[in-house]
Amino acid sequence: MEIFLIDKIVLIVAVFGITLLFALYSTYAERKVAAFIQDRLGPNRAGIFGLLQPLADGVKFFLKEEFIPKHADKALFILGPSISMTTALMTSAVIPWGNSLELFDRVISLQITDLNIGVLYVFAVVSIGVYGIMIGGWASNNKFSLLGALRASSQMISYEIAMGLSIIALIMTTGTLSLGEIVQQQGTPIFGISGASWNIIYQPLGFLIFLICAFAECNRTPFDLPESENELVGGYHTEYSSMKLGFFLFAEYTNMFISAAIMSSLYFGGYNFPFMDQLGLPHNLVTILGTIFLFAKIILFIFLFMWVRWTLPRFRYDQLMRMGWKMLIPLALINIIITGLLIIVLK
Amino acid sequence: MDQLVFLILSIISIGAALAVIFSKNPVYSVLFLILTFFSIAGHYVLLNAEFLFIVHIIVYAGAILVLFLFVIMLLNLNKTTETGKSMLPKIAGAISGGLLLIVLLGAVKGLNQAEAAQAVNADMGSVKNLGKILFDEYLLPFEVSSTLFLSAMIGAVMLGKKNLKDH
Amino acid sequence: MHSLSNRSKVVVNKEMTLKERMYLPAIFGGMMITIKHFFKRKPTIQYPEQKKRVQ
């Protein structure tokens, strides 16, 4: 029991650290990608290639003046960013970061906890994440913040529906709600290639809907209306300064990392990679390679998020709502019906 | 261990429920209501009903209360806009709440304790069992309630349409 | 008026076809343009270290 606890604590600390590291360097990557796409060089003064830039930014955030507006609701003003950050980090508990390792005569699973309702847990945490933005926006006692918060929450609850419906079609094909099992199933051989029966083959439309909804849930361009600076100054974090603003921005990048991990696990095989069982490598090595592959997939998804951000303009608000309710939800329903029909026909 | 968790959760849920009623600011009321729902969801976990726990959070905390908060923030209710306090809603609330309490007490009193303790096993609240029971034993009530939801949804759409025509 | 850059396009207010209304091909085209710029050589001159002779 104690050994089990130590394993888990080590794993939790590692996952926590890696998530924060990714969020930290996503800010750097975002600036570099933006610069390269716009034919610039981006930050390159702090350290080699500007690699120390995120640390400098972090120090700046900590040292800036803490400012709470006079008429703001103090308790809620502090609660907002805390909720955002907490919910952003909570999802990492159910993501399988790798297969099991065989160390010191025991099997160590690289998943913090394999809930048998893992997919629903992710969904619940995502739906709670709205509160951070809403509370923060309202407590600022500023019209722009309130408008930004209302936009964010209505956008997030609208796109949650389509997201849930696209996951239902996926669950119909996998027959389980546990993320660990969903990833494991994708390791079965297809056409003689082991570890390649990824769900994207069975659910291409579902993945597209999920991807669009993930962009909307993370408040990323083209869905970044909550903080559209030309109409709302800064949206829900207009009044925030110092590390509280840092928490909001950090939560956004953490969300991006986590949703990239979820998309890789649900649709792109998680830690599975083609020919994983046919190379004849020892189990531990395959596990480590799998984790590396998972992180490669995550990095590709994060790059996609940034690539889209620096390519597409922002939607108008009515276009956003029309797309969510009139296009994505019907499409997701059609996807469910097609999936159901195929399951019946093929059985 | 279970007893301790139960005690803590109960204290939080009752305290938060009281805070819902007594806080002056409606936004605080809604936030305490969220806390109440979370602690009640915690009770579901103690009873091995994981699915109910997660659905409770998704539906109540994640969707319905967001809309509550949404409306209250949009209206921006505060002390100055509060309408005159009449006693009638309070009396009506007390009577209906009291009736509910009597019904609950009656239901709990009739419960066979040994039977209730037996029913709680590890697998009872799993998605698989719940799905089997819903689509087998309780298929008719399940379908009836889904048509009820459908009619409510159509009603909401119709109400929205009518408003569009007026303006 | 004659266009100066030879890249002007006449805007037509016609109904969009289904392909156009899906937006996905257009989005993909846009992303191809940005990725081309991503790998382009950057014309930046980093002043204090690099100096370019003014003609």
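So that the names make sense, note that chain A is the first sequence line, chain B the second, and so on, each numbered from 1. Source: prediction; values computed, not measured.
Of the atoms belonging to A:S154, heavy atoms from both backbone and side chain fall under 4.5 Å from chain B. Of the two parts of A:L150, the backbone and the side chain both hold a non-hydrogen atom closer than 4.5 Å to a non-hydrogen atom of chain B. Looking at B:L31, only its side chain comes within 4.5 Å of chain A, counting heavy atoms on both sides.
More than 12 heavy-atom neighbours from other residues, nucleotides or ligands sit within 6.0 angstrom of OH on A:Y317. More than 12 heavy atoms of other residues, nucleotides or ligands sit less than 6.0 Å from atom CZ of B:F70. Annotation: A:K8, atom NZ; neighbour count of heavy atoms from other residues, nucleotides and ligands within 6.0 Å is above 12. When the shell of 6.0 Å around OH of B:Y60 is examined, it contains 12 or fewer heavy atoms from other residues, nucleotides or ligands.
Pairing each heavy atom of B:G62 with each of A:S127, the nearest pair is CA-OG, 3.6 Å.
To the nearest 0.5 Å, atoms CZ (B:F38) and CD1 (A:I128) are separated by 3.5 Å. Atoms CE and CG, from B:M73 and A:L147 in turn, are 12.5 Å apart once rounded to the nearest 0.5 Å. To the nearest 0.5 Å, atoms CD1 (B:I58) and CD1 (A:I117) are separated by 8.5 Å. Note that CZ of B:F51 and CG of A:L120 are 6.0 Å apart. Values are rounded to the nearest 0.5 Å. Rounded to the nearest 0.5 Å, atoms CD1 (B:I34) and OH (A:Y131) are 3.5 Å apart.
Contact of the A:Y121 side chain with the B:I57 side chain is not registered, since no non-hydrogen atoms from C-beta on lie closer than 4.5 Å.
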**OP:** I would like to know whether B:L67 and A:I157 meet side chain to side chain contact (heavy atoms under 4.5 Å, CB included); could you show each step before the answer?
**Re:** CA-CA 9 Å; B:L67 290 177; A:I157 46 182; 3.7 Å; yes
